[in-house]
Each structure stands twice: as structure tokens, then as C-alpha cells.
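Here's the structure, in C-alpha cells; my notes come after.
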Protein chains: 2
Amino acid sequence: MQTKSEITISNILSAAEGLFLARQYADVTMEQIAAACDVTKGAIYYHFPSKEKLYLAMLHADLDEKRALLGEAIASRADCAERLRRLTRRFFDLPAEKRELIRLIRRDINVFEGAARDDLVRTYQASLPELVEEVIRDGIAAGELAPGDPRLLSWHFVALVEVVLADYAASVIPGAESKIEYVLNLFLNGAGNQRNGECPCP
Amino acid sequence: MQTKSEITISNILSAAEGLFLARQYADVTMEQIAAACDVTKGAIYYHFPSKEKLYLAMLHADLDEKRALLGEAIASRADCAERLRRLTRRFFDLPAEKRELIRLIRRDINVFEGAARDDLVRTYQASLPELVEEVIRDGIAAGELAPGDPRLLSWHFVALVEVVLADYAASVIPGAESKIEYVLNLFLNGAGNQRNGECPCP
DNA sequence: GGTAAAACATACCTACCGGTCGGTTTGTTT
DNA sequence: AAACAAACCGACCGGTAGGTATGTTTTACC
């Protein structure tokens, strides 16, 4: 069973997540967070030493959870395309708010400096791109993907997923499954018209 | 000849650009901007009614300029790949600060609400992605690109450019020209190993 | 070169926000 | 039920930053 304290902390983190996702770091006040989970500012400062620590704690909790979830999806011996497909599908299965976390970090990453910033970057790198990177590295080794830098390719893949995540995409590509296939096809085969490529054998 | 007022306005916009690029909107103070161009806060408020208006004015000026510059690059009758190449090259030729503007908008877009926000989105859309979209639309019509939604593909292309713009990419892909070819190749042909595709003719 | 208006500078106001602290409630132990 | 600790409240402080009011200089034009 959870103690009273754990419940409160969980509530605070949850409220903080919602607000930090909606607005920028500086535009979210501690009192707004407090009001959102029916406590006062004093209660938050009882559990967290500062606004910055609260933000980082919320990020860590969220990314750890997400990483564990997504990590399962690539733990298979399938080929590269299939592993990427499973990973993306699992990502799409996440509640919408959770998926926004990546954009959140890219947005607020300039708020902090020094150690806190490095910590943020590392935590982010370890969340999604690193998982993709692992799959891509294997894919290159197996000859399924063309040679290239795995990390750069993983960023490309993540960026592609982000594109499909935009509101506009929903009006063009309906349904999660077709979005996934869209991403995979574009990533593997590109946007060029393959039929234009001449077949070497007459 | 420029009047004194125009020079001051230009200085303010230039200083604002540098600071807004380096930090988040809320973390840039009016006094910092004032100090950066050797005036006082009062002078800024003489020319701009508010911080928000100053930010938007600086964005508009920058994007207008950039759009004019990039627009020339696609005004040719070359094929799709070549036009994209020229557009990207022109983009890479921009001073580093100017290239960061895209990321800036994506970062600060949540600061504003209502009309100001819509204005921001429209201005952004009209800057880079719309130019790419035009080229891609032609490319699809000419059969050079596989059928697909032009706008979504343009976002994909822009995202790819952004990936290559990251610091890490410099350590993997040296030189602007090879970055451009990397982007084009990945966009047109994808990351999949084409040699794996069986040739239908025996 | 004189003058009115534009273009600043200076000082100040006010709202807000992160953080603190004394005190109060609630729960637990003995 | 006394004693103690954990959890929480709410008023408050210090600093800050957007914005303004007013005085001063500079520009532009005659």
C-alpha cells in the first residue's frame, strides 16, 4: 500500500506533468501546480527542494516508465523492420500526453545549465533514440539497412515519428497502424519513386 | 539614407534576435535586449508596444528575409532532387544563427495564445516548409516522387535537415556538401539496403 | 541656428513568483 | 492520553521584470 506521502508526491508529479506539457517551464508557477492537485505550495516544498528538482524528478519518473515499456518492444529476434514496427506501435499505444514528453525536453532544454542540463540531455538520449539506435545498429550489421551512422539514423527515425504525430497528419493518415506503415515505408524506402529506378537486367 | 529611428529599430531587432535564439522567451529580459544594443528600456518601449510585439516583429522580419532568399533557390526548372539540393544548399549557406530560427519557433510557440499564436504558426509554415512543399508537389506530379501528401513530406524533409544540423552530425558527416547529399539520399532512397530488393527479372 | 517634435534616458511603479517560516493538523507510537 | 513526528497550511519576503511617467537630449526641418 502507498503511504500518504507517496500519494501526494504522485499527485504532485502528475499535476506538474500536465502543466509542464501545456506551457513552458517559466510559465508554470508552483502555485498552479499546487492548485492542480489540491495542496498548497508549502506541501510541494516539503517534498521537493526546488522547482527545478521537481521538474527533473517528474521527467525522470516519466522517462524511466516509458523506457521500460518500450524496451520490451524491441526485445525480440525479429528483423529490423519488424522490431521498429513493434517499437513504434508500442509508442503509439502510449496515452497522448506521454508521447509529448520528447517535444517537452527539446523545448525546455535551454532552461537549465551545467549539471542539470547535462542530466536532462542524457536522460532524454536514453529514452527513445537510444532504443531505436540499438535496433538500427543491428539492422546495419545484418545488412538490412544501408551502412550509416546509427545514432544519426535513429534521430531521423524519431523525427519521422514526430512528424506523423502532428495534428495535421491525423487528417491525412487515419489510424495508428497506417501511420506506422507510413513511417516505416518512408524510412526504409524513401520518398523517391522506386519505379523510376531502371532494372539493370534487360 | 536611413533615419536614426530606423537604425535604432534595426539594432533592437538584431539584439533581440541574438538573445531570443540563445535563451527562452521568458528568460530574455527587456533590459538585456536594451543593454545589448546600447539603449535603455525606455527606448525600446518607444518603438515597440510590448515584449510580445517585439518578439513577433523580429520573427517576421527574419522570416521574410529568409523566405525571399530561399525562394530564389527553387525558382528553376530543374528536377525535384536538384531543386531540393539547391534549396538545402542555400539554407546551409545562411549564417548559423539564422538557421536556428526554425527551432526557435518550435520552442517558443507555446508562449503565446490566441491570435498571436496563430500568427506565429502561419508565419512559420510560410517560411521553410511551404517552399519545400511546393517543390515536392511538383516532384510528385512529375512522377519523380512516390505519391503522398506534400505537406507531410515537406515536414519530413525539414526534420531531416534539422537532424543533420545537430552538433553531433558535424562529427560524423564533415562538410556542408556531404550533409546535403546525405539528406537527399536518405529522403529519396531511405535507409533500407536497396541491394536486398530482389530484381524481378531473373 | 532656432525650434518643435521625435528620440531617447532616468526613475519609478506594480504585479508576480520562487522560496521561507512559524504554526497547525493529522497520524503513530508507547 | 501524552508525546512525538510527519504532513501540510498560509502569510510573508526579496528579488525581478514588464511597463509607465516624466524629464532631457537630439534630430529634422525651416
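All values reported here derive from a predicted model rather than from experimental measurement. In what follows, chains are A, B, ... by sequence order, proteins preceding strands, each numbered from 1.
When side chains are defined from C-beta on, A:L84 does not count as touching A:I180, because their heavy atoms never get closer than 4.5 Å. A 4.5 Å side-chain heavy-atom check between B:L145 and B:L188 finds at least one atom pair inside the cut-off. Residues A:D79 and A:R83 form no side-chain contact, since every pair of their non-hydrogen atoms from C-beta on lies 4.5 Å or further apart.
Atom C1' of nucleotide D:dT16 and atom NZ of B:K51 are separated by 12 Å, given to the nearest angstrom. Atom C1' of nucleotide C:dG18 and atom CZ of A:F48 are separated by 16 Å, given to the nearest angstrom. Taking atom CD1 on B:I9 and atom P on C:dA6, their separation rounds to 14 Å, with Å as the unit. Atom C1' of nucleotide C:dG18 and atom CG of A:D27 are separated by 14 Å, given to the nearest angstrom. Regarding A:L54, its CG atom lies at a distance of 10 Å from the P atom of C:dG19, rounded to whole Å. The nearest whole Å value for the distance from the CD1 atom in A:I33 to the P atom in C:dG19 is 11 Å. Nucleotide C:dA11 holds its P atom 12 Å from the CD atom of B:E31, rounded to whole Å. In this structure, the CG atom of B:N11 is 14 Å from the C1' atom of C:dA7, given to the nearest Å.
With sequence neighbours excluded, the residues satisfying side chain to side chain contact (heavy atoms under 4.5 Å, CB included) with B:Y182 are A:L152, A:L153, B:V164, B:I173, B:L186. For B:E65, the side chain to side chain contact (heavy atoms under 4.5 Å, CB included) partners are B:D62, B:K98, not counting sequence neighbours. Scored by the side-chain hydrogen bond (donor to acceptor under 3.5 Å, both in side chains) test, A:R85 finds A:E82, A:E181 as partners (sequence neighbours excluded).
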Report, one pair per line, the protein and nucleotides 6-9 of chain D atoms (nitrogen or oxygen only) whose separation is under 3.5 Å.
unit_1: D:dA7; atom_1: OP1; unit_2: A:S5; atom_2: OG; d: 3.3
unit_1: D:dA7; atom_1: OP2; unit_2: A:Y46; atom_2: OH; d: 2.9
unit_1: D:dC8; atom_1: OP1; unit_2: A:T8; atom_2: OG1; d: 2.7
unit_1: D:dC8; atom_1: OP2; unit_2: A:H47; atom_2: NE2; d: 2.6
unit_1: D:dC9; atom_1: OP2; unit_2: A:T40; atom_2: N; d: 2.8
unit_1: D:dC9; atom_1: OP2; unit_2: A:T40; atom_2: OG1; d: 2.8
unit_1: D:dC9; atom_1: O5'; unit_2: A:T40; atom_2: OG1; d: 3.4

Would you list the protein and nucleotides 13-15 of chain D atom pairs, both N or O, that sit under 3.5 Å from each other?
none

Please output the side-chain donor-acceptor pairs of residues 155-163 of chain A that fall under 3.5 Å, not counting sequence neighbours, one pair per line with the distance.
unit_1: A:H156; atom_1: NE2; unit_2: B:H156; atom_2: NE2; d: 3.1

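By the 30° and 60° cut-offs, the orientation of the rings of B:F20 relative to B:Y25 is parallel.
Between A:R151 and A:E130 there is no salt bridge, since no side-chain N of the basic residue sits under 4.0 Å from a carboxylate O of the acidic one.
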